[in-house]
Amino acid sequence: QVQLVESGGGLVQAGGSLRLSCAASGDILSINAMGWYRQAPGKQRELVATLTSGGSTNYADSAKGRFTISREHAKNTVYLQMDSLKPEDTAVYCCIAAGVFTTREYLPTNYWGQGTQVTVSA
């Protein structure tokens with residue numbers, strides 16, 4: 001079983017920064033892709049950024065130039081550095097791990113964290 005635990009959310013003023021962390025635990029050799037999605041009240045969940053084990057990144061247009069995703073493969077951890085935050089970035093940010101190699105098998109499954117709240121005040 002794979003579990004994801006996020007941290008780093010909170011309340012910040014517009015223009016400020018936050019750094020989110022997500023650590024995956026369990027029987028894990030490697031993870032194909034890790035990333036972040038977010039869901040604001042009354043809106044659908046949307047992609048923020050993803051990063052593959054090969055180093056390929058994908059950012060939402062709203063995140064480009066302001067957010068940076070990174071990984072520590074040895075720790076099965078993904079980070080999201082968020083700068084120049086805006087009130088419209090307010091949402092619950094959820095971590096995803098997609099495609100997990102364990103010691104026994106490959107799990108072509110998406111695993112999700114519980115989410116961490118990010119609130120940006122004007």
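All residue numbers refer to positions in the sequence shown, counting from 1.
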Engineer: Can you confirm whether Gln3 is buried at CD, in the sense that more than 12 heavy atoms of other residues, nucleotides or ligands lie under 6.0 Å from that atom?
Structural biologist: no
Engineer: What are the two closest non-hydrogen atoms of Val92 and Gly115, and how far apart are they?
Structural biologist: CG1-CA, 3.9 Å
Engineer: Check whether any side-chain N or O of Ser62 sits under 3.5 Å from a backbone N or O of Ala60 as a donor-acceptor pair, and report yes or no.
Structural biologist: no
Engineer: Which pair of non-hydrogen atoms, one from Val78 and one from Met34, has the smallest distance, and what is that distance?
Structural biologist: CG1-CE, 3.7 Å
Engineer: Can you establish whether the number of heavy atoms outside Gln44 located under 6.0 Å from its atom CD is more than 12?
Structural biologist: no
Engineer: Scan residues 33-44 for pairs that pass salt bridge (charged side-chain N to carboxylate O under 4.0 Å, His left out), counting only residues two or more places apart or in two chains.
Structural biologist: Arg38-Glu46, Arg38-Asp89
Engineer: With sequence neighbours left out, what residues match Ser7 under side-chain hydrogen bond (donor to acceptor under 3.5 Å, both in side chains)?
Structural biologist: none
Engineer: For Val48 and Ala63, work out which heavy atoms get closest and say how close.
Structural biologist: O-CB, 3.8 Å
Engineer: Below 3.5 Å, can you tabulate the donor-acceptor pairs from side chains in residues 8-21 to any protein atom, sequence neighbours excluded?
Structural biologist:
unit_1	atom_1	unit_2	atom_2	d
Ser17	OG	Asp83	OD1	2.7

Engineer: Checking side chain to side chain donor-acceptor pair (under 3.5 Å) for the pair Gln117/Tyr93: CA distance, chi angles, key distance, verdict?
Structural biologist: CA-CA 6 Å; Gln117 177 70 45; Tyr93 285 69; over 6 Å; no
Engineer: Same cluster or not: are Ile31 and Val2 linked, directly or through other Ile, Leu, Val, Met, Phe, Trp or Tyr residues, by side-chain heavy atoms under 4.5 angstrom apart?
Structural biologist: yes
Engineer: Quick check: closest heavy atoms across Gln114 and Glu6, and the distance to 0.1 Å?
Structural biologist: N-OE1, 3.1 Å
Engineer: Can you get from Ile96 to Met82 by hopping between Ile, Leu, Val, Met, Phe, Trp and Tyr side chains that sit under 4.5 Å apart?
Structural biologist: no
Engineer: Strictly by disulfide bond (SG atoms under 2.5 Å apart), give each pair with a member in residues 61-122 just once, sequence neighbours left out.
Structural biologist: Cys22-Cys95
Engineer: Specify the closest pair of heavy atoms between Ala49 and Ile69, including all atoms of both residues, with the distance to one decimal.
Structural biologist: O-CD1, 3.6 Å
Engineer: Please determine whether the number of non-hydrogen atoms from other residues, nucleotides or ligands lying under 6.0 Å from atom CD of Glu88 exceeds 12.
Structural biologist: yes
Engineer: Leu85 vs Phe67, test: side chain to side chain contact (heavy atoms under 4.5 Å, CB included). Steps then yes/no.
Structural biologist: CA-CA 9 Å; Leu85 283 162; Phe67 295 1; 3.9 Å; yes
Engineer: Return the CG to OG1 distance between Asp27 and Thr103, rounded to the nearest 0.5 Å.
Structural biologist: 3.5 Å
Engineer: If every non-hydrogen atom of His73 is compared with every non-hydrogen atom of Thr52, which pair is closest and at what distance?
Structural biologist: CE1-O, 4.4 Å
Engineer: Applying side chain to side chain contact (heavy atoms under 4.5 Å, CB included), run through Leu47 and Tyr59 and close with a yes or a no.
Structural biologist: CA-CA 8 Å; Leu47 168 75; Tyr59 289 95; over 6 Å; no
Engineer: Can you sort out the partners of Tyr37 under ring pair (Phe, Tyr, Trp, His ring centres under 6.0 Å), two or more places apart, ordered by chain and number?
Structural biologist: Trp112
Engineer: Mind checking whether Asn32 and Phe101 have side chains closer than 4.5 Å, heavy atoms only?
Structural biologist: yes
Engineer: Between CZ of Arg71 and CG of Leu80, what distance do you get to the nearest 0.5 Å?
Structural biologist: 13.5 Å
Engineer: Provide the full list of disulfide bond (SG atoms under 2.5 Å apart) pairs with a residue in residues 31-76, sequence neighbours left out, each pair given once.
Structural biologist: none
Engineer: Starting from Leu4, can I reach Val100 by hopping between I/L/V/M/F/W/Y residues whose side chains sit under 4.5 Å apart?
Structural biologist: yes
Engineer: What distance do Leu51 atom CG and Tyr79 atom OH have between them, rounded to the nearest 0.5 Å?
Structural biologist: 12.5 Å
